[in-house]
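Keep in mind the model is a prediction, meaning the values are calculated, not measured.
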Amino acid sequence: MLDKKYNHKLVEQGKYENWKNKGYFNSGDKDKIPYTIVIPPPNVTGKLHLGHAWDTTLQDIIIRFKRMQGFDCLWLPGMDHAGIATQAKVDKKLREEGIDPRSMKREEWLKKAWEWKEEYAKNIHDQWAVLGLSLDYNKERFTLDEGLSKAVRKVFVDLYNKGLIYQGEKIINWDPVAMTALSNEEVIFKEDEGAFYHMKYFLEGSDTEFLQVATTRPETLFGDTAVAVNPSDERYQKYIGKNVVLPLVNRLIPVVADMHADPEFGTGVVKITPAHDANDYEVGLRHNLEKIVVIAPDGTMNDKAGSYAGLDRFECRSKVIEDLKAKDLLIKIEPMVHNVGHSERSDAVIEPYLSKQWFVKMRPLADKVLENQKNKDTKVNFVPARYEKIMNHWMEITYDWCISRQLWWGHQIPAWYKDDEIYVGMEAPACDGWVQDSDVLDTWFSSALWPFSTLGWPDDTEDFKRYYPNNCLVTGYDIIPFWVNRMTFQGLEFTGQRPFKDCLIHGLIRDKMGRKFSKSLGNGIDPMDMVDAYGADSLRYYLATTASNGTDIRFDEDKIKSTWNFINKLWNASRFVLMNLEDFKEDKYKLENLKDEDKWILTKLNKTIKVVTKYMEKYEFNNVGANLYDFIWSDFCDKYIEISKFNLNDDTKKSVLLHVLTAILKMLHPFMPYVTDEIYNKLPIHEENIMISKYPEYNKKYIFALEEKKIDDLLEFVKNFRNVCSENNMTKDYQVKFENKEDYTLAIRLLKLEDKIIDNSLEITAYKVKSQFYEATIYYEKVLTMEDKQELAREKEKLIASIARRKNLLANENYVKKAPAHLVEEEKEKLRLEEEKLATLL
RNA sequence: GGGCGUUUAGCUCAGUUGGUUAGAGCACCUGCCUUACAAGCAGGGGGUCAAAGGUUCGAGUCCCUUAACGCCCACCA
């Protein structure tokens with residue numbers, strides 16, 4: 001027997017280990033059709049947050065559903081080495097231990113990093129287990145595994161040989177704290193308080209005539225090799241071709257005409273620093289200007305900055321301002337708020353930096369994606385569909401991807417150098433004297449291969465052949481540019497296929513006020529705390545059913561609480577069923593000699609199975625949740641169980657109770673694996689385990705339209721009856737006369753009318769209660785008060801208005817002609833009922 | 001600057017291909033300890049669906065305009 005209250009801690013204890021040990025999570029049954037999802041590999045940098053819990057719950061729901069539908073399900077787990085993020089954390093830890101990470105040998109440092117990885121991987125495994133995720137651990141991968149590293153090298157080498165990877169000296173985003181290059185996606189623009197510094201660039205040979213140059217970054221002036229004006233800007237025509245004197249440095253630089261200078265912006269004169277600004281770099285190329293790097297990788301000024309060398313770039317900025325002021329070269333300081341790029345990981349202000357890096361040539365790869373998305377049979381189907389636009393737009397405007405990182409934690413670039421020679425290959429060259437490139441690849445370079453590298457590609461493995469392309473990928477919309485896009489072009493390029501058929505996009509989880517969770521706000525919520533308080537089942541159901549796809553969730557603990565209540569309801573309904581089925585055996589199970597109410601619940605059940613299955617297939621779990629909630633609570637618990645109490649010795653009743661409860665548990669199982677497992681195992685008839693049981697299927701045999709309508713109407717009658725009693729404050733002394741020959745047995749039981757039925761009319765206050773089939777008069781000793789009369793008058797007015805509206809509608813020829821016939825009929829019926837009601841009232 | 005989204009009950013959100021008195025949970029009001037559940041049961045109140053216009057017999061839903069908020073991309077010397 002079940003306890004009186006649902007106890008999530010007791011229920012969830014030990015179940016995960018059991019499932020895992022029994023091998024229920026394992027893929028590989030060749031008699032079944034394969035179904036694959038690969039987990040978005042979490043970073044080995046910390047704990048999982050609510051976003052992970054949401055993301056993985058959705059995947060587990062899909063996988064459990066498909067498994068119950070009879071597919072050979074592979075849900076492949078794994079983790080991401082997360083290059084820059086992990087390196088930053090490992091470095092921080094070492095520094096706290098008093099060790100300078102950069103003084104270590106690369107191999108020693110890597111040993112520490114692997115220790116870190118093992119520790120955090122364990123945390124993540126523990127959390128996956130708590131959440132109940134049915135991952136196939138036999139297939140687990142890590143992005144730095146030998147197999148995945150081989151895939152990375154293969155892709156690098158092939159792209160290099162195709163000319164789609166090249167090494168070049170370009171302006172890239174430099175993170176001076178992590179001291180590495182970054183891709184554009186890893187730069188976050190934030191509005192910072194800054195200033196526009198207006199400086200005097202004197203004309204050569206003049207101490208009166210100068211150009212007023214405005215900049216937000218005066219410290220870069222040491223790298224200026226020109227100033228530019230717009231060729232159409234009449235104010236400055238006469239200066240084009242002349243030289244100006246670079247302040248503080250006294251170096252002569254030319255005034256060039258370039259479209260880049262916007263006459264409307266600032267003073268219309270812009271200083272050109274080709275080594276520290278992407279636009280200036282382009283200007284430099286057009287005018288053949290020298291590129292002078294003046295900032296060192298750590299963000300300090302280098303020797304090109306003369307006496308300023310060694311100063312941090314921001315200290316240098318202050319010093320330069322001070323000195324310009326002292327020399328009367330500063331005109332004004334104009335405060336301004338402008339967008340400044342910050343490193344996604346270290347938050348350092350990004351320095352546009354001229355440096356030699358490796359790049360992926362994106363145009364041909366992106367074009368392939370755009371072409372493929374036009375074919376509905378081979379494209380990636382986004383759910384919701386609008387997110388396809390995000391990917392396509394990215395593909396349209398994409399620029400070359402900077403993939404080299406000056407880090408240790410990652411896949412070292414498979415390029416070797418010897419004097420001026422370069423060798424790119426899967427393995428190191430055989431002869432001596434070659435030195436491997438010390439850089440590693442962007443983390444996303446390896447994650448981009450995740451859907452196929454995890455299946456053994458580039459080898460032609462059984463797994464790759466069987467489980468690729470993946471059926472579905474689940475991730476948040478914020479990850480589309482970093483990951484989804486890159487998986488898509490790499491998948492197409494290297495496997496000739498989309499990496500996954502569907503891409504289910506969910507939103508972000510925010511706090512109750514709609515703010516992002518962040519460390520600085522201190523509003524973070526540990527999913528493990530929620531599991532502790534309400535159970536994994538409650539958290540999962542809440543996360544999966546709260547939002548429609550692609551939209552954000554505002555975290556609301558009250559809603560998890562209300563899910564807990566729902567589970568408690570399920571628990572108690574199950575408790576009721578089990579109490580009454582104690583000696584029930586398989587030979588007693590029969591769905592025969594069904595009464596109207598049995599047919600009614602079976603019809604409702606089958607309709608629910610149909611609609612729930614449809615929404616499961618469409619990943620619309622919010623709709624699944626709403627339908628199940630309503631069916632379970634309103635139809636099964638509030639109505640059918642109550643009715644069943646009148647007839648509990650009947651094996652048919654017991655069979656129906658068991659049948660419906662079994663189906664309910666199965667449909668809830670993907671959402672609430674623990675509690676459904678607990679209850680299911682206690683049912684008198686059940687398969688080995690609910691998670692490998694067969695998902696309910698719609699069965700026309702158990703659709704009884706007539707009985708459904710009849711009982712719906714009876715329940716409507718009962719409700720109206722109660723309403724009349726409640727509105728008129730009727731105590732128990734009233735009498736009831738039924739006005740026709742329908743079967744009122746159930747109504748009598750539900751309304752407890754056994755001793756109140758009369759056959760004749762009485763000369764006291766009477767109320768009519770009606771539904772389509774049922775009709776009764778309630779007699780009650782009561783004087784009508786003023787209020788009662790007003791109430792009656794209000795109701796009369798309402799009815800008259802409604803009747804008028806309907807008559808009007810039905811008089812409308814266009815409506816009668818064009819609207820579907822059944823609607824017109826319904827309308828007529830409603831009108832008839834209302835007219836009757838009005839007549840009784842009068 | 002370009003694009004996407006949101007705006008529905010006090011709060012958080014659903015709302016299918018347009019179908020005619022717009023739903024849920026929580027909160028609120030009334031009455032109930034009715035043997036599965038008071039974390040419950042039976043009822044109830046509450047919304048001119050952001051604003052204006054249009055298409056249509058019919059608009060929360062489709063089209064146009066506007067506003068507020070949010071996000072993405074680009075860019076700001």
Side-chain angles (χ1 to χ4, degrees), chain A residues 2 4-6 184-185 189 194 196-197 213-217 220 227-228 260-262 265-273 277-280 283 336-340 384 386-387 389-390 393-394 396-397 477-478 480-481 507-508 510 512 514 545-548 550-556 558-559 561-580 611 614-615 618 620 622-623 625-626 629-630 633 637-638 641-642 645 718-719 722-727 729 750 752 798 801-802 805-806 809 812-820 822-824 826-827 830:
Chain A
L2 298 178
K4 195 166 174 183
K5 254 181 203 172
Y6 161 56
N184 292 21
E185 282 73 20
F189 282 90
F196 220 11
Y197 302 93
V213 176
T215 181
T216 53
R217 300 168 63 217
T220 62
V227 297
H260 168 58
D262 176 1
F265 191 84
T267 60
V269 186
V270 52
K271 65 198 252 331
I272 301 299
T273 322
D277 183 281
N279 286 313
D280 292 6
V283 177
M336 77 185 286
V337 175
H338 60 146
N339 269 344
V340 178
R386 66 172 184 273
Y387 285 102
K389 289 186 211 161
I390 307 274
H393 182 244
W394 189 90
E396 277 157 17
I397 62 153
Y477 60 70
D478 54 329
I480 293 172
L508 303 181
R510 299 169 179 280
K512 208 172 177 175
T545 62
T546 293
S548 56
T551 60
D552 293 349
I553 290 184
R554 287 191 188 209
F555 183 76
D556 186 352
D558 284 346
K559 282 204 173 177
K561 214 177 273 180
S562 108
T563 296
W564 191 98
N565 289 351
F566 175 46
I567 299 177
N568 189 49
K569 186 76 183 175
L570 171 75
W571 182 264
N572 274 290
S574 307
R575 183 164 174 264
F576 172 84
V577 173
L578 291 173
M579 274 168 83
N580 290 291
V611 72
K614 179 185 92 182
Y615 285 132
K618 291 166 78 176
E620 291 180 22
N622 60 323
N623 288 328
Y629 190 98
D630 188 52
W633 205 307
C637 294
D638 290 346
I641 285 186
E642 288 310 316
K645 287 177 183 172
V718 167
K719 185 176 169 172
R722 284 170 174 155
N723 192 2
V724 167
C725 292
S726 154
E727 276 181 0
N729 287 322
L750 286 167
K752 299 187 177 28
K798 257 180 158 174
S802 181
R805 195 186 58 79
R806 275 189 222 286
L809 186 62
N812 183 333
E813 267 179 48
N814 274 319
Y815 172 72
V816 180
K817 209 159 55 190
K818 292 181 185 172
H822 72 276
L823 285 173
V824 178
E826 278 171 31
E827 203 59 32
K830 281 177 188 166

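rA9(B) and rA14(B): their C1' atoms are spaced 13 Å apart (whole Å). On the C1' atoms, rG60(B) is 13 Å away from rG19(B), given to the nearest whole Å. Comparing the same atom, P, in rU6(B) and in rU61(B) gives a spacing of 13 Å after rounding to whole Å. As rounded to the nearest Å, rA22(B) and rU16(B) have C1' atoms that lie 15 Å from one another. Atom C1' of rC41(B) sits at a distance of 46 Å from the matching atom of rU56(B), rounded to the whole Å. For the P atoms, the distance from rG43(B) to rC62(B) is 35 Å, rounded to whole Å. Comparing the C1' positions of rA42(B) and rC33(B) gives an interatomic distance of 14 Å, to the nearest angstrom. Using C1' as the reference atom, rC57(B) and rC13(B) are 33 Å apart when rounded to the nearest Å.
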Q: Run the numbers on Asp277(A) and Thr220(A) for side-chain contact (heavy atoms from CB on, under 4.5 Å), then give the verdict.
A: CA-CA 9 Å; Asp277(A) 183 281; Thr220(A) 62; over 6 Å; no
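For the pair Leu570(A) CG and rG40(B) C1', the interatomic distance rounds to 15 Å; values are reported in whole Å. Whole-Å rounding puts the Asp552(A) CG to rU6(B) P distance at 12 Å. Rounded to whole Å, the distance from NZ on Lys4(A) to P on rU35(B) is 10 Å. Distance Leu750(A) CG to rG43(B) P: 10 Å, rounded to the nearest Å. The distance between atom CH2 of Trp633(A) and atom P of rG23(B), rounded to the nearest whole Å, is 21 Å. We find that NZ of Lys752(A) is positioned 10 Å from P of rU34(B), with the value rounded to whole Å. Spacing between atom NZ of Lys512(A) and atom C1' of rG25(B) amounts to 13 Å, rounded to whole angstrom units. Across the protein-nucleic acid pair, Phe576(A) atom CZ and rU35(B) atom P stand 12 Å apart, rounded to whole Å.
Across all strands, Leu2(A) comes closer than 4.0 Å to no nucleic acid atom at all (heavy-atom distances). Within the nucleic acid shown, Tyr387(A) has no heavy atom closer than 4.0 Å to any nucleic acid atom. Contact annotation for Lys719(A): backbone-only contact, meaning every heavy-atom pair under 4.0 Å involves sugar-phosphate atoms and none involves a base. As judged by a 4.0 angstrom heavy-atom cut-off over every strand, Trp564(A) is placed among the base-contacting residues. Residue contacts for Asn623(A): at a heavy-atom cut-off of 4.0 Å it reaches the sugar-phosphate backbone alone, with no base atom in range. Note on Asp638(A): only backbone sugar-phosphate atoms sit closer than 4.0 angstrom, heavy atoms only; bases stay farther off. Across all strands, Leu809(A) comes closer than 4.0 Å to base atoms (heavy-atom distances). If you check every strand for non-hydrogen atoms under 4.0 Å, Ser574(A) touches nothing. Across all strands, Cys725(A) comes closer than 4.0 Å to no nucleic acid atom at all (heavy-atom distances). As judged by a 4.0 angstrom heavy-atom cut-off over every strand, Ala626(A) is placed among residues making no nucleic acid contact.
Picking from rG5(B), rA36(B), rC57(B) the nucleotide with the shortest atom distance to the side chain of Asn814(A) gives rC57(B). Of the candidates rA42(B), rC4(B), rG25(B), the closest approach to any side-chain atom of Lys559(A) belongs to rG25(B). Listed nucleotides: rC73(B), rC71(B), rC37(B). Nearest to the side chain of Tyr477(A): rC71(B). The listed nucleotides are rC75(B), rA77(B), rG25(B); the one nearest the side chain of Asn279(A) is rC75(B). You'll find that the side chain of Phe196(A) is closest to rA77(B), out of rA77(B), rC26(B), rC57(B). Checking rA14(B), rA36(B), rG43(B) against every side-chain atom of Asn622(A), the shortest atom distance belongs to rA14(B). Considering only the side chain of Tyr615(A), rU16(B) comes nearest among rU16(B), rC75(B), rU56(B). Nearest to the side-chain atoms of Asn565(A) among the listed nucleotides rG40(B), rC37(B), rU56(B) stands rG40(B). With rG43(B), rC71(B), rA14(B) as the candidates, the nucleotide lying closest to the side chain of Thr551(A) is rA14(B). Listed nucleotides rA39(B), rC13(B), rA42(B) differ in distance to Arg554(A); the shortest reach to its side chain belongs to rC13(B).
In this model, a side-chain donor or acceptor of Glu642(A) finds a partner on the base of rA36(B) within 3.5 Å. Interface remark: the Arg806(A) side chain does form a donor-acceptor pair with the rU21(B) base, using a distance-only criterion of under 3.5 Å. Between the side chain of Lys569(A) and the base of rC37(B), a donor-acceptor pair under 3.5 Å is found.
Using a 30° and 60° split on the angle between ring planes, Trp571(A) and Tyr6(A) fall in the tilted class, from 30° to 60°.
The main-chain N or O of Asn568(A) is found under 3.5 Å from a side-chain atom of Asn572(A) such that the two form a donor-acceptor pair. Although no hydrogens or angles enter the test, the distance criterion places no donor-acceptor pair under 3.5 Å between the side chain of Tyr477(A) and the main chain of Ile390(A).
Distance OG1/Thr546(A) to CG/Asp552(A): 12.5 Å, rounded to 0.5 Å. With values rounded to the nearest 0.5 angstrom, Thr215(A) atom OG1 is found 7.0 Å from Phe196(A) atom CZ. Note that NZ of Lys559(A) is 10.5 Å distant from NZ of Lys512(A), once rounded to the nearest 0.5 Å. Considering NZ of Lys271(A) and CZ of Arg217(A), their distance stands at 7.5 Å, rounded to 0.5 Å. Atoms CG and OG1, on Asn279(A) and Thr273(A) in that order, are 11.0 Å from each other to the nearest 0.5 Å.
Nucleotide rU56(B) forms no Watson-Crick or G-U wobble pair with any nucleotide shown, as no partner meets the under 3.5 Å limit on both distances. Pair assignment for rG1(B): rC73(B), on the basis of Watson-Crick or G-U wobble contacts that are both within less than 3.5 Å. Here rC41(B) sits opposite rG31(B) as a Watson-Crick or G-U wobble pair (both hydrogen-bonding atom distances under 3.5 Å). A 3.5 Å limit on both hydrogen-bonding distances identifies rC11(B) as the Watson-Crick or G-U partner of rG25(B). Using Watson-Crick or G-U wobble geometry with both donor-acceptor distances under 3.5 Å, rA50(B) finds its partner in rU66(B).
Geometric assessment of Lys569(A) against the ring of Tyr629(A) yields a negative cation-pi assignment under the 6.0 Å and 45° thresholds.
Phosphate contact (OP1/OP2 of rA36(B), side-chain N/O of Lys645(A), threshold under 4.0 Å): present. For rA14(B), the OP1/OP2 oxygens have a side-chain nitrogen or oxygen of Ser548(A) closer than 4.0 Å.
For His260(A) and Asn580(A), each mapped to the nucleotide of RNA chain B holding its nearest heavy atom, the one lying further toward the 5' end belongs to Asn580(A). Toward the 5' end of RNA chain B, the nearer of the two residues Ala228(A) and Arg510(A), judged by each one's closest nucleotide, is Arg510(A).
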